[in-house]
Amino acid sequence: MNYKSNRTLAGLIVVAIALYFLLKGTSFSLTPFILIFSGLVLVLLFWTKRQSWALVLGMYVLFSGLHSLISPRLPGNVSNMLFSSALWVVPGITFFMLYLLKNKRGLLVPSMLFTWFGIFYLLSGLGIFSTVISSGGLLVICFGLAFVCAFFIGRDFSKKMSLYTGILLTVCGIIFGTGMISSLTTVFLVVLLISGLLIIFKR
């Protein structure tokens, strides 16, 4: 580690020790703070030593600490859905951080898909938009938004396939999810199938 990283790590350790003794003997649980601190140390290890395992483990430990800190203040179903959603969002954020560090475009789409699936899981589980769109339609929309986000974040405007895919999925999700189409459902599904095949086999 360089001097700046050592100083940051030392500061985190001092803060953790101070919090430990300040909160010791109070009604506050120390476990969330220990988990948060451990997660931050692992993430710092990733940024300084480029150890991917430290980022993956650190993100999960950090989230576990944050979740255990705020979950007692949330309704049971919200806390459970937030935890389940994070099982997908955390890998998405991890892939995105690896993408930023290594500039590998192959990591961007998976990061967006994981993240948006976690968002879908949370929205669906809490019943948000359930009165206006079906769960399946919402899932397709979220996948479409994942491709759209990947296109704009990647800023590779010469290759628009991810943008077209995202728009197509989003429109299909809205159409089928809201029940706008009945008699033309088969036609739209055939168009969607052909579009998918073109995306796969296009050179």
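The figures here come from the full heavy-atom set of this structure, side chains too, leaving out hydrogens, waters and symmetry mates. Please read these numbers as outputs of a predicted model, since none were measured by experiment.
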Hey, are the side chains of Trp88 and Thr115 touching, using non-hydrogen atoms and a 4.5 Å cut-off? no
Would you give the length of the straight line joining atom CE of Met97 to atom CG of Leu107, rounded to the nearest 0.5 angstrom? 12.5 Å
Would you give the length of the straight line joining atom SG of Cys172 to atom CZ of Phe143, rounded to the nearest 0.5 angstrom? 14.0 Å
Nearest heavy-atom neighbours spanning Ser85 and Ile119: OG-N, 4.1 Å
What distance do Leu98 atom CG and Leu108 atom CG have between them, rounded to the nearest 0.5 Å? 12.0 Å
To the closest 0.5 Å, what do you measure between OG (Ser162) and CZ (Phe151)? 6.0 Å
For Phe120, enumerate each residue passing the ring-ring contact (aromatic ring centres under 6.0 Å, His included) test, keeping only those at least two apart in sequence or located in another chain. Phe117
To check you understand the geometry: which heavy-atom pair defines the closest contact between Trp116 and Cys142, and what is its length? CB-O, 3.5 Å
Rounded distance [0.5 Å steps], CG in Leu138 versus CD1 in Ile174: 10.5 Å
Pairs satisfying side chain to side chain donor-acceptor pair (under 3.5 Å), at least one member in residues 117-126, at least two apart: Ser124-Ser135
Distance-minimising heavy-atom pair for Ala150 and Val109: CB-CG2, 4.0 Å
Are Leu35 and Leu62 packed together at the side-chain level, in the sense that at least one heavy-atom pair is separated by less than 4.5 angstrom? no
Could you please spell out the steps behind the side-chain contact (heavy atoms from CB on, under 4.5 Å) verdict for Ile133 and Ile141? CA-CA 10 Å; Ile133 193 167; Ile141 291 173; 3.2 Å; yes
Tell me every residue that passes ring-ring contact (aromatic ring centres under 6.0 Å, His included) with Phe147, counting only those two or more places apart in sequence or in another chain. none
Looking at every non-hydrogen atom in both residues, tell me the closest pair between Ala146 and Met112 and how far apart they are. O-CB, 3.4 Å
Roughly how far, to the nearest 0.5 Å, is the OH atom of Tyr99 from the CD1 atom of Ile153? 7.5 Å
